[in-house]
Every structure is written in structure tokens, then in C-alpha cells.
Amino acid sequence: MKLTIQVNEGPYQHQSADSAYYFAKAALEKGHEIYRIFFYHDGVNNGTRLTTPPQDDRNIVARWSELAEQHDLDMVLCVAAAQRRGIVDDGEAERNGKDATNIAPGFRISGLGQLIEGGVQSDRLVVFGD
Amino acid sequence: MKLTIQVNEGPYQHQSADSAYYFAKAALEKGHEIYRIFFYHDGVNNGTRLTTPPQDDRNIVARWSELAEQHDLDMVLCVAAAQRRGIVDDGEAERNGKDATNIAPGFRISGLGQLIEGGVQSDRLVVFGD
Amino acid sequence: MAEETKKFMYINRKAPYGTIYAWEALEVVLIGAAFEQDVSVAFMDDGVYQLAKGQDTSGIGMKNFSPTYAALGDFEITKIYVEKESLEERGLTLDDLQHLVWEDEDEDWAEKDSIRLVSRAELGDVLAGQDVLFNF
Amino acid sequence: MAEETKKFMYINRKAPYGTIYAWEALEVVLIGAAFEQDVSVAFMDDGVYQLAKGQDTSGIGMKNFSPTYAALGDFEITKIYVEKESLEERGLTLDDLQHLVWEDEDEDWAEKDSIRLVSRAELGDVLAGQDVLFNF
Amino acid sequence: MSMLHLVNKSPYESNNLSTASSIMKGGDELLLIEDGVYGAVKAGKASAMLEGCTVSVMGPDLAARGISEDKLADGINVIDYNGFVELVEKNDKVQSWL
Amino acid sequence: MSMLHLVNKSPYESNNLSTASSIMKGGDELLLIEDGVYGAVKAGKASAMLEGCTVSVMGPDLAARGISEDKLADGINVIDYNGFVELVEKNDKVQSWL
């Protein structure tokens with residue numbers, strides 16, 4: 001089964017990002033293919049490398065980055081949502097005149113078409129949100 | 001009347017940040033004193049200078065920074081909440097080994113005691129959230 | 001991408017302005033229109049408020065995106081389902097909503113209504129017939 | 001800051017884990033304990049779930065912060081209001097919740113119950129008597 | 001000792017208005033803001049919860065949502081952000097039903 | 001053409017379970033996750049909405065909230081994340097009632 005996963009909320013405030021992660025992990029372990037994980041709305045906040053959660057808490061961002069590296073995942077942050085929330089890679093920093101970037105490893109910023117394409121190309125779309 | 005305002009949600013996703021801003025502005029224009037604006041939970045995301053909202057949309061972060069400058073406001077981002085969400089100033093970057101900062105002008109990062117102090121020192125606490 | 005056409009349904013259940021979901025959902029619908037899928041949009045629960053007439057956001061400093069719904073027909077999005085029970089509970093009728101239309105190329109560009117008023121049970125049938133459901 | 005003592009009430013209305021509000025609210029309560037105000041904490045609506053016994057978060061990888069409620073007594077937080085109607089609607093009784101106690105210094109450290117089961121009307125009276133209400 | 005109760009969510013998706021209206025005391029005031037303003041519409045089922053309450057509603061939020069004032073339940077005060085500040089002044093404390 | 005319905009909010013604070021359960025077709029399945037698991041507790045008022053539905057509930061979410069399986073309404077399947085994936089496989093599509 002080919003899956004696209006959509007994440008609508010940021011890390012920590014809502015459990016959505018946790019549920020999406022555990023679902024993705026279980027699907028991969030069962031041999032399914034994840035075509036794409038698309039982060040929309042506040043979901044783009046999953047992709048900042050600047051978080052420092054408490055020592056006794058999970059590191060949601062790092063966990064995504066590791067999963068992406070292990071399984072060569074395509075993790076996309078919606079560009080319009082990322083601009084509104086302040087998630088920036090090198091290209092965005094240059095285009096919008098920002099003096100810093102904060103995107104985490106394993107994420108890329110791209111357009112909403114990537115979500116639609118996920119719907120077209122996958123057998124299932126599973127949405128996690130508030 | 002001396003006010004403390006608490007903001008629990010980030011910009012754009014919920015209207016809370018907008019309502020808090022217009023309430024604060026109206027209070028200042030009527031001659032009230034704002035003792036402190038305390039950003040908690042995802043509210044800390046109001047304090048990132050990396051946002052680039054669309055041209056035809058309001059710039060929530062810049063609006064806070066301007067209000068703070070005009071009225072010499074004390075705008076505090078909760079440190080624990082900011083660490084979880086990845087809002088970083090120079091001190092936090094150094095302490096937590098981060099290679100970038102994203103805090104916007106007019107905001108400072110401090111402890112939860114600042115919220116309690118707001119409750120002690122103010123005539124009213126008004127909370128905006130989801 | 002042209003190899004397969006899927007039935008895409010965008011389901012809107014949240015009020016506008018209090019949260020951004022309605023607006024960012026609309027952005028997906030517009031982008032999605034370029035993908036030549038078979039598109040439907042549903043408004044139920046508080047989502048029916050998105051189509052309310054006469055929205056004026058000048059007092060809250062937010063962009064009024066409601067005129068965009070009227071443009072859906074130009075994007076060949078012509079199947080817009082509005083749930084009856086949701087309207088009734090909220091004291092609304094179709095007259096409180098924008099009148100959304102599309103022009104039928106096959107009938108000399110005759111103007112037709114886009115909104116289909118459906119019961120919850122009927123909407124359930126429509127959902128059952130879709131391939132992909134988008135939620136915001 | 002010692003010049004005035006205010007009645008502080010922390011109102012918890014959200015379930016734990018689904019959102020972070022319960023946890024971050026608890027952090028405020030603990031920090032606030034150092035400020036020598038007259039502190040109360042209320043649990044109503046889904047907030048009553050925060051006090052449920054037997055929480056085990058190992059399967060969702062989140063920190064189980066529920067043991068901290070038992071420490072509130074040590075922070076001299078001894079007035080914990082739980083709303084009856086909220087429990088009943090959810091099929092809960094006080095037996096489903098942690099047994100929270102504090103030790104009364106004035107009575108040779110006798111252990112006393114912290115939880116006060118109140119009706120919505122009684123909780124309304126309690127709220128009316130407060131100076132500052134914290135909401136999360 | 002009067003209290004201002006703030007409700008910012010639609011009564012059709014959340015229980016906040018229900019809780020607020022059932023715990024309010026005589027002398028307290030209710031202010032509907034953001035999506036909470038839907039609770040003020042007379043023809044909507046939720047408006048029954050407002051009976052016996054002193055209710056204000058944010059005009060800018062009403063206008064944004066396309067609700068004209070003639071649609072409101074009887075006796076509701078339509079205010080702006082200045083009026084919001086005045087309600088906070090007038091009542092001793094504020095309870096946000098989030 | 002069966003559908004998996006996901007509900008992740010408490011039925012006591014949100015209308016999502018109510019909407020989901022009233023729109024489900026025979027053959028559809030309902031999965032309660034996150035705060036949605038509170039809807040599965042037999043003694044709670046909301047469990048009445050589950051009647052006639054095929055219901056699964058996330059075990060890890062139940063445990064986190066201190067709900068033991070003997071508290072659940074009759075006939076509910078307790079699953080883990082593997083079971084979640086299997087439900088997604090088994091049904092043609094997923095509807096998240098957010």
C-alpha cells in the first residue's frame with residue numbers, strides 16, 4: 001500500500017504529530033511505502049531544527065528527521081504555510097530577505113501541489129490534525 | 001487599570017493572536033497600562049521574526065513588535081514553551097547549542113514566574129486562546 | 001499524472017476566521033483544480049458558515065477570502081454539497097449563503113447552480129462514492 | 001510582592017495528552033506555588049480526566065506527568081475542586097481519580113483530603129470568590 | 001464581585017458556551033468573540049443557552065462572519081474592542097472558557 | 001467501498017463523534033484515537049453514539065489516559081499502531097473528523 005500522510009498541527013501542542021509519527025513508523029515496519037508526508041497549517045512547525053525539548057520528553061523534530069533518513073522519506077512543508085509561520089530554508093531566506101534559517105534535516109519546502117499529487121499517486125491519504 | 005494579557009496560540013492558525021492584539025491596542029488607546037503580555041504554549045510562535053505572510057495579509061509578528069516599541073511593552077515568551085517550539089534568542093542559542101536565532105524585536109524569553117507576577121501585579125488578567 | 005482520474009472530495013467543517021483551516025483548505029482546492037481530477041467540495045457542521053453572504057472583515061484586519069468561493073465555478077469546480085441538517089441547526093437557509101454558479105460549456109454556457117443541498121444521509125452516500133477525502 | 005495576597009484559581013478543562021494544555025498548566029501551578037498566594041485548582045469538563053488513576057504513557061512515548069498531581073500537597077496546594085456534573089457525564093466517580101492529600105502542619109501533620117467534590121453551582125460560587133483566574 | 005465570561009468558540013462544535021452559561025451568576029456578563037459570536041444568532045438552536053444572561057457580542061467578529069445585527073437574539077449588546085476593554089474594566093475578573 | 005472514520009477528540013468537548021457516528025454506513029469502521037478514546041467508555045454518556053457502529057480504539061491512547069479495557073463499551077476492538085495500519089489497508093479510504 002502506498003500512503004500519503006498529512007499533518008495539520010505543530011509539535012507538542014497537539015498529539016497529532018505524535019500519532020502521525022507512530023502511524024508512519026508502523027506502516028513502514030509492515031513494509032508499506034510512504035509516498036510523502038505533507039505538513040500543512042501549523043504542521044510546518046514540525047520542521048524547525050531550533051527546538052530543545054526537555055531532557056525527559058521526546059524530541060519530535062529529531063524523530064521525524066531520523067525516520068526520514070532511515071527510510072528515505074519525502075517530507076514536505078507547504079511553502080505558503082511555512083512562510084506564514086516562519087519556517088525557512090536557504091532558498092526562502094534568500095527570496096524573503098531573512099537573516100536566518102531554521103528548517104530541520106530531512107524536510108523540504110514546496111507547494112500545495114505536492115499534497116494533491118500525494119492524493120493522486122497514493123492508495124490512501126491519512127490526515128492527522130486538531 | 002493595569003492589565004496582563006496571556007496569549008496561548010500562535011499566529012494565523014487561530015484568531016486568538018489577532019483578538020489579543022486588538023484588545024491590547026484598544027486598552028492602550030484608552031489610557032490603560034499593560035503590565036505584561038505573556039505568550040504561552042504555541043503563543044510563543046508570535047515571537048519569530050522569520051515569518052513572511054502574503055502581501056495582502058496582516059503581519060502579526062511585526063504588528064506586535066511595533067506595538068511594543070510604541071508603548072514600551074514588556075512582551076515575554078515563556079522559556080519552556082519556547083524551547084519546545086523552537087523560538088530562540090542569543091542566550092538560548094548559546095545555552096542549547098543552536099546555530100541560529102529567530103526571536104523578533106520587542107520580545108524577550110523568560111520564565112513562567114513572569115506570568116504569575118503578572119497575575120499578582122495587575123488588576124486584570126485576560127487570556128486569549130483556543 | 002493524467003493516467004488516472006480520481007474522485008477528490010474536500011470536506012469543510014470549520015467556521016472561517018476563528019481558525020485558518022477554512023482559508024488554507026480553499027487554497028488546496030484552488031491548487032488542486034489544476035490536476036484534472038473529479039472534484040467535489042462539501043460544507044457541513046460549522047463549515048457551512050464559510051459560504052455566508054456579506055462577510056466584511058475590515059474590523060478584524062483579516063483578508064476576506066469569501067469572494068473566492070464564487071470563483072470556484074471558473075475552476076470547473078461545480079459540485080458543492082451543503083448539508084441540510086447543519087444549516088437547520090444553525091438557523092440558516094440557502095438564502096443566507098452565497099449563490100454559487102458555473103457555466104455549462106455543453107449547453108451554450110448556461111449558468112447553473114453549483115450548490116447541492118443534501119441531507120446528512122445523502123452526503124454520506126456522496127462520501128462513500130469518493131476516492132480521496134481531504135480534511136482540514 | 002509580599003504586599004498583597006491574591007486568590008489565584010487555575011481552571012483545568014482539557015484532557016491530558018491529546019493536547020499539551022494540561023501539562024503546561026501544571027507547570028504554571030508549580031511555579032506559582034512559590035509566590036505565596038492563596039491558590040486553588042479546579043478540574044471540570046474534560047479537565048477531570050487529568051486526575052485519572054493508572055495513567056501509563058509508555059505506548060505513546062510521552063511523559064506521564066500525572067504523578068505530579070500527588071505532589072501538589074507538598075507545595076501547599078490543598079484546595080482542589082472537582083466538578084461533580086463533569087464526572088457524572090463521563091461515567092466517572094472519585095474512585096477513578098487519584099487520591100490527593102496534604103499534611104496539616106497545624107494538626108500534627110494529619111493527612112487530609114485535598115479534593116473537594118463540588119456541584120457546578122458550588123464551583124460557580126468558588127470562582128466568584130477568586131481574584132485571578134488562569135485559563136489554559 | 002462580578003465576572004466577565006469570554007466564549008470564543010462556536011457552540012455547535014464545542015461545549016464552552018454550554019459550560020459558561022450554566023455556571024454564570026446573576027450580575028456576571030458574557031462576551032462572545034471570534035467564532036463564539038455564532039451563539040448569538042436568534043434562529044440558531046444554541047441561542048437558547050443565552051436566556052437569562054447579560055450578553056455582549058463583538059461587532060467586528062459578527063461583520064466578518066456576515067451576521068447582520070437584526071439576526072441576533074433579543075437584548076444582545078453589540079460592541080467593539082473599546083467596549084471589550086470597558087467590560088474588562090467593569091467586571092472584577094475575566095474567565096476565558098477556552 | 002468501505003470507509004475508515006477517525007475521531008480524535010473527546011465527545012464531551014467536540015461534536016466530531018456525533019457527526020461521524022451519524023454519517024457512517026454499514027460496513028464502515030470507526031477508530032477512536034487520542035482524546036477520542038473517551039467516547040469508548042461504557043459508563044460515559046457518549047458511548048450511546050457508538051451503537052450499531054463497528055468500533056476500534058487505540059490501546060496506547062487508552063493506557064495513557066488510565067482507561068482499563070474492562071471499562072469499555074461491549075464489542076470494541078482494542079488495537080495498536082499496527083492495527084491502525086491494518087484498518088487503513090482494509091478500508092478503501094479514510095475520513096478524519098477533525
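Bear in mind that the values here come from a model prediction, so they are computed numbers and not experimental data.
Contacts of C:F136 with chain A are made by both backbone and side-chain atoms, with heavy-atom separations under 4.5 Å. Contact of C:V28 with chain A is made through backbone and side chain together, with heavy-atom distances under 4.5 Å. Only the backbone of C:L133 has a heavy atom closer than 4.5 Å to any heavy atom of chain A. Only the side chain of A:E9 comes within less than 4.5 Å of a heavy atom in chain C; its backbone stays farther off.
For A:Q70, the CD atom sits in a packed shell: over 12 heavy atoms of surrounding residues, nucleotides or ligands are nearer than 6.0 Å. Atom CD of C:E103 sits in a crowded spot, with more than 12 heavy atoms from other residues, nucleotides or ligands closer than 6.0 Å. In C:E88, the CD atom is crowded: over 12 heavy atoms of neighbouring residues, nucleotides or ligands sit closer than 6.0 Å. Atom NZ of C:K79 sits in a crowded spot, with more than 12 heavy atoms from other residues, nucleotides or ligands closer than 6.0 Å.
By number of non-hydrogen pairs under 4.5 angstrom with chain C, the leading residue of A:C78, A:A80, A:A81, A:G113 is A:G113.
The two residues C:K6 and A:V120 have their closest heavy-atom pair at NZ-O, 2.9 Å. Taking every heavy atom of both residues into account, C:K14 and A:D130 meet most closely at NZ-O, 2.7 Å.
Inter-residue side-chain proximity for C:F134 and A:L125 is flagged as met; some heavy-atom pair is nearer than 4.5 Å. Using a 4.5 Å cut-off on side-chain heavy atoms (C-beta onward), C:N135 and A:Q6 make no contact.
The CG atom of C:D131 sits 11.0 Å away from the CG atom of A:D123 when rounded to the nearest 0.5 Å. Note: A:R84 CZ to C:W23 CH2 = 4.5 Å, rounded to the nearest 0.5 Å.
One N or O on the side chain of A:Y40 and one on the backbone of C:E24 form a donor-acceptor pair closer than 3.5 Å.
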